[in-house]
Asker: 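The following block contains the structure, expressed as C-alpha cells.
Every chain is numbered from 1 and lettered A, B, ... according to where its sequence line falls, protein lines coming before strand lines.
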Amino acid sequence: MEEMDKVYNPAFEKRIYEKWMRGKCFEAHVNPEKEPFTIMMPPPNITGQLHMGHAMDETMQDILTRFKRMNGYEALWLPGTDHASIATEVKIIEKIKKEEGLTKEEIGRDEFLKRAWAWKEQYDGRIVEQLKGLGVSCDWSKKAFTMDDNLSAAVKEAFVRYYNKGLIYRGSRIINWCPECKTALSDAEVEYEEQQSNLWYLRYPIVGENDAIVVATTRPETMLGDTAVAVNPKDEKMAKYIGKIVMLPLMNREIPVVGDDYCEIGFGTGAVKITPAHDPNDFEVGLRHNLPIIQVIGEDGLMNDNAGTYQGLDRLTARKRIVEDLNALGLVEKIQPYAHNVGTCYRCGETVESLVSKQWFVKMKPLAEPAIKAVKSKKTEFIPSRFEKIYFNWMENIKDWCISRQLWWGHRIPAYYCDDCDEMVVSKTDVLTCPKCGGKMRQDEDVLDTWFSSALWPFSTLGYPKKTKNLAYFYPTSALVTGYDIIFFWVARMIFSGIEFMGEPPFSDVLIHGLVRDAQGRKMSKSLGNGIDPLEIIDNYGADALRFALINGVAPGSDTRFSKEKIESCRNFINKLWNASRFVIMNIKEDDDLSMPSRFNGADKWILTKLNDVIKEVTVNLNKYELGVAAATLYDFTWSEFCDWYIEMSKNALYSDNKKEHEHAVAMLVCVLTEILKLLHPFIPFITEEIYSKYSNGRILMVEDWPVFNKKYVFRKEEANFEGLKDIVVAIRNVRNEMNVVPSKRVSAYSIAKDEKFIESAVPYLNKLAGISDVKFVKSKEEIKEKTTAVVTHDAEFLIPLGELIDEQKEIERIKAEIAETEAIIKKTEGLLANTAFVSKAPQKLVDNERDKLAKAQDKLAKLKDKLNAFA
RNA sequence: GGAGGCAUGGCUCAGUUGGUUAGAGCACACGGUUCACAUCCGUGAGGUCGUUGGUUCGAGUCCAACUGUCUCCACCA
C-alpha cells in the first residue's frame with residue numbers, strides 16, 4: 001500500500017480537483033432515466049474576489065449537489081458570474097481615474113466598454129479559480145455570465161414581453177438619485193443611516209395678513225422648490241389656513257396652503273412645506289393637488305437655475321446660506337437638534353437625492369400577486385420558514401420597480417427613439433429607421449438595473465428564450481441557496497420572473513443561510529478591516545477544513561462566527577480522519593481480501609448498528625437541509641465511535657498471526673471506513689477522495705453510491721451489550737485515574753457477574769481498553785483476600801486489587817458520592833412512578849423505561865452499600 | 001412606527017415532532033514517550049437553559065408578558 005504522511009497536509013487538493021475535471025465528474029446531461037436535481041449558483045459579482053459569505057454559500061450548494069449526485073440524481077450545479085452593473089462601473093471609473101487620470105465621459109462610451117470587458121476577463125477568471133479552490137462540483141461546461149449573448153437575448157425578450165403586456169412603462173416619477181454615480185436607483189438600492197441634524201422651523205408669511213405659518217423641515221435648501229404648504233383638514237387649529245396664500249421667502253413666490261391627510265396632526269407645527277420635486281411624499285401630495293413641480297437640485301447634486309442666487313452651490317452650502325439669509329429676515333423661528341435617517345447609495349455611500357426624472361418602471365402589483373401565491377401554496381418553500389414572512393411583507397407592500405440606470409456597463413434598454421418625430425419603438429432587434437417617418441432612430445442611452453438580468457438567471461442560463469432540452473429537463477430548479485440579505489434584490493424577483501416567463505416558480509426550495517461574522521460577532525467589512533480571507537484559510541488549513549468549519553453545528557438561517565479556534569478544531573478532525581485511514585491502510589497486507597465479511601463478531605455488530613443509524617440520520621438531515629446536524633453526527637461517529645472504540649477493539653485481531661483473524665479485522669475496518677468516507681464526502685470532498693484513492697483501485701469516490709440504511713446490519717442486542725461494555729471500561733478507567741493507578745499497569749480483576757459468558761468474551765477488550773489483564777470469576781466477595789476498589793454496574797461488579805496504591809479514604813468518598821448520585825435517581829424515579837397521572841397518561845414504553853431504570857438503580861445501590869460496608 | 005431573530009457551563013454554539021442524569025468544540029485541572037494520530041490519548045470539574053406566569057402527568061423545547069441584545073422593513077416633515 002501507498003505510504004501516507006504522518007500529518008494531514010492538504011497539498012493534494014489541486015491534484016484531486018484536476019482528477020475530477022479530467023473525469024468530467026461534474027457535468028450533467030439531459031437523462032430521462034434519472035431525476036434531475038438542479039441548483040443555480042448565485043453568480044458572484046465580477047467586482048472582487050471570494051469572501052467568507054461566498055465560501056459558506058458555495059459549500060452548502062456543493063454539499064447538496066454531491067449528496068444528490070451520489071443518490072442517483074442527474075445533479076446539475078450551474079455556475080456563473082454577474083456583470084454587477086453599478087458596482088463594476090464604479091470600480092472601473094476608479095481604475096481609469098487612477099491609471100489614466102480620465103473620467104468616463106472623457107474616454108467615451110465605446111472605449112469605456114472595452115475597458116469594462118477587459119476587467120471582466122480578468123476578474124471573472126480569478127473568481128472561477130477561487131471557486132475551484134473551494135472544491136465546488138459545478139458543471140463548468142455550462143458556465144454563464146449575465147452579459148453573454150444568450151443571456152442578453154433573454155433580457156431583451158423579457159423587456160419586450162413585459163412592455164407588450166403593459167407591465168413596463170416609461171414615465172416621470174420621483175426616484176432615488178445618486179449624485180456621485182449619476183444614476184437612478186431602485187428603492188432596494190438605498191440604505192438608510194441615522195444622522196444627527198436639525199429640525200429648522202421656518203416662518204412663511206401669509207399674504208395680506210400680519211401672520212405667518214411656521215413649517216418644520218430637515219432640509220431647508222429644498223424650500224426654494226416649495227409649491228405649497230399642507231395642513232391636515234381635520235386639524236381644528238390649522239384647517240382655517242386652507243385656501244390662504246403664503247409668500248415663499250427668498251423666492252418671493254406665492255404658494256397655496258392645501259389640506260391633506262399626509263400632514264399629521266400633532267407633529268411639528270401642524271404644517272408641512274411641500275416640495276414635489278424632492279420628496280416622494282410631497283410628490284404624491286403634489287399629484288393630488290395638481291401642484292407645479294419645481295426642481296431646484298440638479299443631477300450633479302448642485303443647486304440648479306431654478307435656485308436663483310443659490311445656483312451652483314452644493315446642497316450643504318446652500319442649506320447653510322439659506323438658513324443664514326432666512327435668519328437675517330427674522331424668518332427662522334427656532335432650530336432644534338434632530339436625529340433622522342438619511343438615504344445613501346448602497347454602492348458609493350453618497351447621500352441620495354430624491355428628484356423627478358423620466359425613467360423606465362416595471363409595474364409590480366400584477367407580478368407580485370402570483371409570486372405571493374406561489375409561496376403561500378408551498379410551491380416554493382423557504383427554509384427556515386420564518387423568512388417567508390419577510391418575503392410576504394415586501395411583496396405585499398411593493399412599489400413599482402425603477403429599472404433604468406444612467407450607466408454604460410450593462411444591458412442597454414431596447415427602446416429606440418426617432419430624432420424627427422416623437423415615435424418610440426421597443427424591440428428585440430435594432431431599429432435604425434423610424435417606422436412612422438423614416439427618420440433616424442437612436443437607442444435609449446440607459447442600461448437596465450443589474451437585478452433585471454439576474455432575475456432571469458434560473459432560465460436564461462438554460463437557454464431561454466430558446467426552448468432548449470436543458471431548459472425542459474432542468475427547469476424548474478430544485479433549490480436556491482443564498483443569504484437573507486438578498487431576498488428582495490434577487491430571490492423575490494426571480495420568483496415573479498420565473499412565473500411570468502416560464503409559467504412556474506424557478507425553484508421549489510429556498511435555503512436561506514446567515515452571515516459569517518468575525519470572532520467577536522461583528523459583520524466582516526472592509527472598513528473595519530476584520531474580514532478573513534477564505535483563500536488564506538485554504539492555503540493554511542485546506543479547503544476541507546474551511547468547509548467543515550463553515551457548516552459543522554450551524555443551524556439553518558442563523559449567523560455564525562468564524563474563529564481560529566474553530567478552523568483549528570476542524571483541521572484536527574480532518575487530521576484524525578487522515579490518521580485513522582492511514583492506520584487502516586497500512587495494515588492492509590498484499591493479498592488481503594477486503595470484501596465485506598459475512599460473519600460478524602460482537603464488536604462488528606455493534607459498529608455496524610451504529611453505522612446504520614448514522615447513515616439514516618445523516619441522510620434524513622441532509623434531505624431536511626440540516627447540514628450542521630449531519631456534519632456534527634459524522635464528526636462524533638468518526639471520532640468518538642470509530643476511532644476511539646472500534647479501531648481500538650480491532651487491534652488484537654488486526655495484529656494476529658492468524659491470517660483469517662487479521663483479514664477479518666482489516667476487511668471490517670476498510671468497509672466501515674469506506675462508508676464513512678462516502679458519508680463525509682459531500683462535506684470534505686478532497687481528503688475523502690484522496691484517502692479512497694489509496695485503496696480503491698482507481699475508483700472515484702464522488703461518483704460512488706450513497707450508503708443506504710440496511711436492517712441486515714442492525715443488531716440491537718449486541719449494540720446494547722457493547723454500550724454496556726463501554727460503560728464498564730470508562731468506569732474502570734475512572735477508578736484507576738482517581739486512585740492514581742498508573743494507567744499502563746496491567747492488573748487482574750475479580751468479577752461477580754450475572755452474565756459470565758458475556759464478560760468472558762469481553763475480557764480481551766477490557767485488556768486492551770482498561771488495562772485489565774485477566775478476570776477471575778468469584779461467587780462472593782468473601783473469596784477475595786486483597787483490598788480492592790470496585791466498579792459497580794447493574795450487570796456486573798469488578799473488583800480491582802490496588803495493593804498499596806489504594807487510598808482507602810478516597811475510595812470511601814468515591815463510593816459515597818456514587819451512592820448519593822444513585823439515591824437521587826431512585827428518589828426522582830420513585831416519585832415519578834408514584835404519580836398516577838404519569839403512569840396512566842404517559843406512553844407505556846416510557847413508564848417501562850422508568851421502572852427498568854429504578855430496578856437497575858436499586859440493584860446498583862445495594863452493591864454499593866455492600867462495598868461501603870466492607871470498609872467499615 | 002411595523003416585523004423577526006437570539007438569550008443554554010469561562011467562550012462559541014447544538015438541542016429535530018415536549019419524555020432517561022441537557023450535549024459538543026475551545027479554554028481549564030489531573031494523568032499519559034503502549035508501534036494511526038501530541039493537529040494525540042485517558043479522566044475530571046463546570047449549567048436553577050434571561051425573568052415571571054400559563055398549558056401539560058411532564059417544559060430548554062409550546063403560549064403570554066417583561067428585560068436585554070441583534071437584524072430587517074417603513075421613514076412623518
Asker: Is any side-chain N or O of A:Lys694 closer than 4.0 Å to OP1 or OP2 of B:A36?
Answerer: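 Result: no.
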Asker: Sequence neighbours excluded, which residues qualify as salt bridge (Lys or Arg N to Asp or Glu O under 4.0 Å) partners of A:Asp261?
Answerer: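 If we apply the salt bridge (Lys or Arg N to Asp or Glu O under 4.0 Å) test to A:Asp261, skipping adjacent residues, the hits are A:Lys234.
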Asker: With heavy atoms under 4.0 Å as the rule, sort A:Glu191 into base, sugar-phosphate or nothing.
Answerer: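 Nothing, no heavy atom under 4.0 Å.
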Asker: Using a cut-off of strictly less than 4.0 Å between a heavy atom of the residue and any atom of RNA chain B, enumerate the qualifying residues of residues 621-631 of chain A by number.
Answerer: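 Nucleic-acid contacts, sorted: A:Asn621, A:Lys624.
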Asker: Applying ring pair (Phe, Tyr, Trp, His ring centres under 6.0 Å), can you list everything that pairs with A:Phe686, at least two apart in sequence or on another chain?
Answerer: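 Applying ring pair (Phe, Tyr, Trp, His ring centres under 6.0 Å) to A:Phe686 gives A:Trp20.
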Asker: Using the test salt bridge (Lys or Arg N to Asp or Glu O under 4.0 Å), find all partners of A:Glu723 that sit at least two apart in sequence or belong to another chain.
Answerer: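 Testing A:Glu723 for salt bridge (Lys or Arg N to Asp or Glu O under 4.0 Å), a comparison that skips the adjacent residues, returns A:Lys610, A:Lys726.
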Asker: So what does A:Lys768 hit on the nucleic acid, given a heavy-atom distance under 4.0 Å: a base, only sugar-phosphate, or nothing?
Answerer: nothing
Asker: Ignoring backbone atoms, establish whether A:Tyr338 has a side-chain N or O less than 4.0 Å from OP1 or OP2 of B:A77.
Answerer: yes
Asker: Can you list everything that forms a side-chain hydrogen bond (donor to acceptor under 3.5 Å, both in side chains) with A:Arg571? Sequence neighbours excluded, please.
Answerer: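 With neighbours one apart ignored, the set is empty.
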Asker: Under the salt bridge (charged side-chain N to carboxylate O under 4.0 Å, His left out) rule, what pairs show up with a residue in residues 265-276 of chain A, not counting sequence neighbours?
Answerer: A:Asp226-A:Lys273
Asker: On the nucleotide B:A36, are OP1 or OP2 found under 4.0 Å from the side-chain N or O atoms that A:Tyr655 carries?
Answerer: yes
Asker: Which atom pairs link the protein and nucleotides 4-12 of chain B when you take only N or O atoms and keep those under 3.5 Å?
Answerer:
unit_1 : atom_1 : unit_2   : atom_2 : d
B:U12  : O3'    : A:Arg561 : NE     : 3.1

Asker: Please tabulate, one pair per line, each protein N/O and nucleotide N/O from nucleotides 18-22 of chain B that are separated by under 3.5 Å, including the distance.
Answerer:
unit_1 : atom_1 : unit_2   : atom_2 : d
B:U20  : O3'    : A:Lys853 : NZ     : 2.9
B:U21  : OP1    : A:Lys853 : NZ     : 2.8
B:U21  : OP2    : A:Lys828 : NZ     : 3.0

Asker: Could you work out, with salt bridge (Lys or Arg N to Asp or Glu O under 4.0 Å) as the rule, every residue matching A:Asp282, not counting sequence neighbours?
Answerer: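 Partners of A:Asp282 under the salt bridge (Lys or Arg N to Asp or Glu O under 4.0 Å) test: none.
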Asker: RNA chain B: stems of at least 3 consecutive Watson-Crick or G-U pairs, cut-off 3.5 Å?
Answerer: B:1-7 with B:67-73, B:10-13 with B:23-26, B:28-32 with B:40-44, B:50-54 with B:62-66
Asker: Quick check with a 6.0 Å cut-off and a 45 degree axis cone: is A:Arg493 positioned over the face of A:Trp401's six-membered ring?
Answerer: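 That pair qualifies as a cation-pi contact.
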Asker: Applying side-chain hydrogen bond (donor to acceptor under 3.5 Å, both in side chains), name anything that partners A:Arg522, two or more places apart in sequence or on another chain.
Answerer: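 For A:Arg522, the residues satisfying side-chain hydrogen bond (donor to acceptor under 3.5 Å, both in side chains) (neighbours in sequence not counted) are A:Asp518, A:Gln520.
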Asker: Summarise how protein sits on nucleotides 38-47 of chain B as a single string, 5' to 3': B when a protein heavy atom is under 4.0 Å from the base, S for sugar-phosphate-only contact, - for no contact.
Answerer: SBSSBSS---
Asker: Under 3.5 Å, is there an N or O donor on one side and an acceptor on the other linking the side chain of A:Asn835 and the base of B:C57?
Answerer: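 Answer is no: no donor-acceptor pair is held.
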Asker: Could you please spell out the steps behind the ring-ring contact (aromatic ring centres under 6.0 Å, His included) verdict for A:Phe573 and A:Phe548?
Answerer: CA-CA 9 Å; A:Phe573 168 65; A:Phe548 211 75; 5.2 Å; yes
Asker: Is a side-chain donor-acceptor pair under 3.5 Å present for A:Asp559 with A:Tyr484?
Answerer: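 Note: A:Tyr484 and A:Asp559 side chains meet the donor-acceptor criterion.
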